[in-house]
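Note: hydrogens, waters and symmetry copies are ignored here, and every other heavy atom, side chains too, is used.
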Amino acid sequence: MAAYGEFAWFYDEFNGEADYQALFDYVHGELEANGVAGGLLADLGCGTGDLTLMLSQAGYDVIGIDRSPEMLSVFREKADELGLSGKVLLLCQDILSMELYGTIRAAVSTFDTFNHIGPIQQFEKAVRQAAFFMEKGGVFLFDLNTPYKHERVLGDNAYTIEAPDARCDWQNHYDPAGWVDMQLTITDLPSGQVVRESLREYSYSMETVRAALDRYGFTLVKVSDGEDFGPVRPDSQRWIFTAVKRYTQEETV
């Protein structure tokens, strides 16, 4: 599973069009609709923390987990600015081997974190880890870029993303075996500094996701389009899943 390095310092600049308010409204609404209006919540792959901090402000006790120290450093700066540094616990951990030392009421994971985890065996391991710490009735919300997006939108295409102080040249290579390799070249315009990142996203079918959730005790209760939060369409570029844990870990022992 790849971790953002120096790109973390540019992440927010290139993610400026993300509608965090709409994402928060959907996530918060799904949590409440499934009986989780507070309690301990883990953000898996929290990145620079915008959604995590919004959930904290909404009254959840939040743990932000990310394997990138650089991402967490940006997160800490934001938390400090909002006066929330003492309310959010940040853990630099890989979600495939995370240790939470207790159970959680909910977990969220957004912006295709789970696409980056690896082949299906790794994806299932990540679901298993989330299940291990989840209370009975707990809610797991996560999104995925769809196979349609990987093949038909990202494909072998190249993009240039312009921001006020930086430019990202982004080259994709789609492999029909089920992944997209991404080569990112980020140029800091004021200094001319160049940063390069190599990432890979894996594709998982809807059936694969449903089966993995069921295998580890989750019932999939809802799937929506992960961009407009309406019904899933054949050309949806992102899915967002809501799953509820059927039993505690102790009940399986």
S.K.: Taking the side chain as every heavy atom from C-beta outward, state whether His150 and Tyr174 have any atom pair closer than 4.5 Å.
M.R.: yes
S.K.: Could you tell me the separation between the CG atom of Leu84 and the CZ atom of Phe75, rounded to the nearest 0.5 Å?
M.R.: 8.5 Å
S.K.: Any salt bridge (Lys or Arg N to Asp or Glu O under 4.0 Å) pairs touching residues 31-40, not counting sequence neighbours?
M.R.: none
S.K.: For Asp112 and Asn115, indicate whether the former's side chain and the latter's backbone hold a donor-acceptor pair under 3.5 Å.
M.R.: no
S.K.: Determine, for Arg238 against Asp225, whether the closest basic-nitrogen to carboxylate-oxygen distance falls under 4.0 angstrom.
M.R.: no
S.K.: Nearest heavy-atom pair of Val88 and Gly64: which atoms, and what distance?
M.R.: CG1-N, 4.4 Å
S.K.: Is it the case that over 12 heavy atoms from other parts of the model lie below 6.0 angstrom from the CZ atom of Arg152?
M.R.: no
S.K.: Mind running side-chain contact (heavy atoms from CB on, under 4.5 Å) on Val209 and Glu207 for me, showing each step along the way?
M.R.: CA-CA 5 Å; Val209 175; Glu207 294 74 18; over 6 Å; no
S.K.: Enter the distance from Arg167:CZ to Thr187:OG1 here, rounded to the nearest 0.5 Å.
M.R.: 4.5 Å
S.K.: Would you say that Asp188 contacts Ile186 through its side chain, given a criterion of any heavy-atom pair below 4.5 Å between the two side chains?
M.R.: no
S.K.: Residues in side-chain hydrogen bond (donor to acceptor under 3.5 Å, both in side chains) with Thr160, at least two apart?
M.R.: Asp169
S.K.: May I ask you to decide whether Asp175 forms a salt bridge with Arg200, counting only side-chain N to carboxylate O separations under 4.0 Å?
M.R.: no
S.K.: For Asn172 and Asn157, test the side chains for any donor-to-acceptor distance below 3.5 angstrom and give the result as yes or no.
M.R.: no
S.K.: Strictly by modelled atom types, are Asp143 and Thr110 linked by a side-chain donor-acceptor pair under 3.5 Å?
M.R.: no
S.K.: Does a side-chain heavy-atom distance below 4.5 Å link Glu124 with Arg215?
M.R.: yes
S.K.: Without swapping roles, check the side chain of Ser109 against the backbone of Leu44 for a donor-acceptor pair under 3.5 Å.
M.R.: yes
S.K.: Phe218 and Tyr247: ring-ring contact (aromatic ring centres under 6.0 Å, His included), yes or no, with the steps?
M.R.: CA-CA 8 Å; Phe218 288 107; Tyr247 48 76; 8.7 Å; no
S.K.: Looking only at heavy atoms, what is the nearest atom pair of Ile65 and Ala42, with distance?
M.R.: CD1-CB, 4.3 Å
S.K.: Ignoring hydrogens and angles, state whether a donor on the side chain of Ser236 or Tyr148 is under 3.5 Å from an acceptor on the partner side chain.
M.R.: no
S.K.: Roughly how far, to the nearest 0.5 Å, is CG of Leu72 from CD of Glu77?
M.R.: 11.5 Å
S.K.: Go through the structure and list residues passing side-chain hydrogen bond (donor to acceptor under 3.5 Å, both in side chains) with Trp239, not counting sequence neighbours.
M.R.: none
S.K.: Rounded to the nearest 0.5 Å, what separation is found between the SG atom of Cys168 and the CD1 atom of Ile161?
M.R.: 5.0 Å
S.K.: Report the distance from atom CG of Asp43 to atom CD1 of Ile63, rounding to the nearest 0.5 Å.
M.R.: 10.5 Å
S.K.: Indicate the atoms forming the closest heavy-atom contact of Gln171 with Ala158, along with that distance.
M.R.: OE1-CB, 3.3 Å
S.K.: Taking all atoms of both residues into account, what is the closest heavy-atom pair of Thr242 and Leu220, and its distance?
M.R.: O-CD1, 3.4 Å
S.K.: Say whether Gln237 and Asn145, considering side chains only, have a donor N or O and an acceptor N or O under 3.5 Å apart.
M.R.: no
S.K.: Is it the case that the side chains of His173 and Asp181 hold a donor-acceptor pair, with the cut-off being a distance below 3.5 Å and no angle test?
M.R.: no
S.K.: Locate the shortest heavy-atom distance separating Leu23 from Ile240; write the atom from each residue and the value.
M.R.: CD1-CD1, 4.4 Å
S.K.: Does Leu96 reach the side chain of Asp94, with side-chain heavy atoms less than 4.5 Å apart?
M.R.: yes
S.K.: Testing the basics here: between Leu91 and Glu99, what is the closest heavy-atom pair and its distance to 0.1 Å?
M.R.: CD1-O, 4.3 Å
S.K.: Could you tell me the separation between the OG atom of Ser203 and the CG atom of Leu144, rounded to the nearest 0.5 Å?
M.R.: 9.5 Å
S.K.: Should the pair Phe241 and Phe142 be assigned to parallel (<30°), tilted (30 to 60°) or perpendicular (>60°) ring geometry?
M.R.: parallel
S.K.: Do Leu40 and Tyr60 come close enough that some side-chain heavy atom pair is under 4.5 Å?
M.R.: no
S.K.: Taking the inter-plane angle between the rings of Phe114 and Phe123 on a 0 to 90° scale, is it parallel (under 30°), tilted (30 to 60°) or perpendicular (over 60°)?
M.R.: perpendicular
S.K.: What I want to find out is whether Glu135 reaches Lys245 closely enough, with some N-O distance under 4.0 Å, to be called a salt bridge.
M.R.: no
